[in-house]
Amino acid sequence: MPKYRRLARASAVIGVAALALAACGGSSTPKASPSGGAGSVPSSFNAAVTNVVNASDKTGGTLKLGPNSDCDSWDPARTYYAWCLSNMQRVYARTLMAYQSVPGVDGTKAVPDLATAPGAASDSNKTWTYKLQSGLKYEDGTTIKSADVKYAIERLFATDIINGGPTFYYLCLLDTCDAKGGSVYKGPYTDKTGEPMVNGKPSIETPDDTTITFHLTSSYVDFDYLMTLGPSSPIPQTADKGVKYTEHPLSSGPFKFGTYVVGKSLTFVRNDQWSQATDKIRKPMVNEIDLNVITDPDAADKALQSGQIDLEPDGGVQAAFQAQINGDASLKKYADDPVTGFTRYIAIAPSVAPFDNLDCRLAVFYAINKADLVKARGGSYGGDVANTMAPPSVIGFDKAANPYPVGADNTGDLTKAKEELTKCGKPTGFDVNMAYVNKGKGIAVFEAVQQALARVGIIVKSTPIGDNATYYSTYIGSPSNIASKKLGLMVAGWAADFPSGYGFWNSIVSGKAILPTGNTNYTSLNDPVINGYLDQALTAKTSELEGIYKSLDAQVMKNAVYLPFQYDKTLYYHSPRLTNLYMQAGGGYFYDYVNIGVNDGK
């Protein structure tokens, strides 16, 4: 019964994702596998969303990536920036479970990676046991043991040191927590002899080198999905360097760190201790992956078009190159524009006056010009107008819901906005600071918000930061920084950590998910009604989930702290020389970098 419920729940999520894929014009059935063979398709617009493009067995060469910023962290426990968490970790860090390497919606299926099989669940999904494969080694030749997975997860409890990642999923699930959500166990740095406990017994047991059993505080039907995230990547205690572990994490995957210059460049080289025989997820083709940060998005586009880089892994192309692609069939054949599962939104901080007043927040909701915001992010190639936080790919999405209508043309309801300003005691408007990333689409989004709100007297002041990774981890990811800098409006985007409703919602609306640093509940929302829906979802029948998540979404919108404006699509362009190219749905529709090859051996 537990196994059936997990599969049924995953199927419900995948079914909704299939509808989203159909909306972007692609088939939901993958036509080839990364290893090549019959069914490979040539490059064409959107081909890599549901197919393997240019499947090949040719090995060698270098994959060249040009992101606009470094990852927020390379420590598997602390990585949370989407392209790093979802797909770059697959290059060097293996986890107990992982998403299977196929294009299309089948890529949302969690399959064994380090483990021999999915977790064996018992005690109403409160106990989960995994067995490690034999022959697993780190880059230094030492054997990967179950105790290393246990230690890696125990590090999460040291929230003063290991922060920024999906920590909160694990803390109160694997330890006794107080009323404020604080765990008793404080991690291995402070408590060198202790460990997390549930009902007076250790919550993580490793009776031998290949077995690990988790005892949870409550039923958790999606636990296999948690084991796809970075925290289940093993770390031996002898290799742990705390906050500096990000500079050279010990590889368990096919590539390891070569030369790394923080914030500028990173070279991945092959790990000769990795064995293909133990790995059904990865089939690496290139000898090296070079990652060079190009902070100017337009300069990155030019480098991509000229062939200096093969991909921009952390986002799509900018307006100028987008227009070229749209008008030139010879370029468009190398482009993909998937429905990503991200909702783009503006977080409104109730801790910053006058947004402690609901009516002042509603004034922003009605004055916003969503049509201009969608245009700022690429128009039809960038996505569709959003009226709720849940995107179409998440169970519980309600297409008919529109609690704060802004006109048939989505340009705003200024009459209603002015009424709300009067109600909140600010009839002529007010000043507010807005946080955003000061480059590329971030600038255009800020300008669209500024112009829209100025129509009703709300003066939006620019308080940006130039680096994506820092922006999310410590700028708007720190409640104290939001308060001290009075960041009333914050541009953000969110997709599910794993493909279920809980995987989308928990990080951004749970009161238990609020952290001092690396916080992703940017408004510090702590609504007991929302928390109750999240708790219900963990033990509900599959047939009940859609109703629970639909009600949760409605309650989130009632709080008026998250203003969604776009269900995201991203226009990517890739080098013509790439082989085995497909988009990994489980990772949020990024290319599966670890399996990409090059056809020229360079």
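- Scored by the side chain to side chain contact (heavy atoms under 4.5 Å, CB included) test, Asp290 finds Thr62, Thr267, Glu288, Asn292 as partners (sequence neighbours excluded).
- Side chains of Asp240 and Tyr189: a donor-acceptor N/O pair is present below 3.5 angstrom, by distance only.
- The pair Lys241-Glu247 does not count as a salt bridge, with every side-chain nitrogen at least 4.0 angstrom from each carboxylate oxygen.
- Within 6.0 Å of atom NZ in Lys131, more than 12 heavy atoms from other residues, nucleotides or ligands are found, so the atom counts as buried in its surroundings.
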Atom pairs and distances, donor-acceptor, side-chain atoms in residues 255-264, under 3.5 Å, two or more places apart:
{"residue": "Tyr260", "atom": "OH", "partner": "Asp70", "partner atom": "OD2", "Å": "2.6"}
{"residue": "Tyr260", "atom": "OH", "partner": "Trp74", "partner atom": "NE1", "Å": "3.3"}

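- Closest of all the heavy-atom pairs between Phe504 and Ala495 is CD1-C, 4.0 Å.
- A salt bridge does not link Asp592 with Arg282: none of the charged nitrogens is closer than 4.0 Å to a carboxylate oxygen.
- Heavy atoms of other residues, nucleotides or ligands lying less than 6.0 angstrom from NZ of Lys186 number more than 12.
- For the side chain to side chain donor-acceptor pair (under 3.5 Å) test with Tyr80, the passing option among Asn163, Asp497, Thr167 is Asp497; the others fail.
- Side-chain N or O atoms of Thr520 include one that pairs as donor or acceptor with a backbone N or O of Ser507 at under 3.5 Å.
- When all heavy atoms of Ser510 and Leu534 are compared, the closest pair comes out as CB-CD1, 3.6 Å.
- Phe342 has its ring centre no less than 6.0 Å from the ring centre of Tyr589.
- Identified under the ring-ring contact (aromatic ring centres under 6.0 Å, His included) test for residues 193-214, with sequence neighbours left out: Phe214-Phe223.
- A side-chain donor from one of Asp224 and Tyr130 sits under 3.5 Å from a side-chain acceptor of the other.
- With 3.5 Å as the limit, one finds a donor-acceptor pair spanning the side chains of Thr470 and Asp467.
- Between the side chains of Tyr582 and Asn595, at least one donor N or O sits under 3.5 Å from an acceptor N or O.
- Within a 6.0 Å radius of CG in Asp178, more than 12 heavy atoms belonging to other residues, nucleotides or ligands are found.
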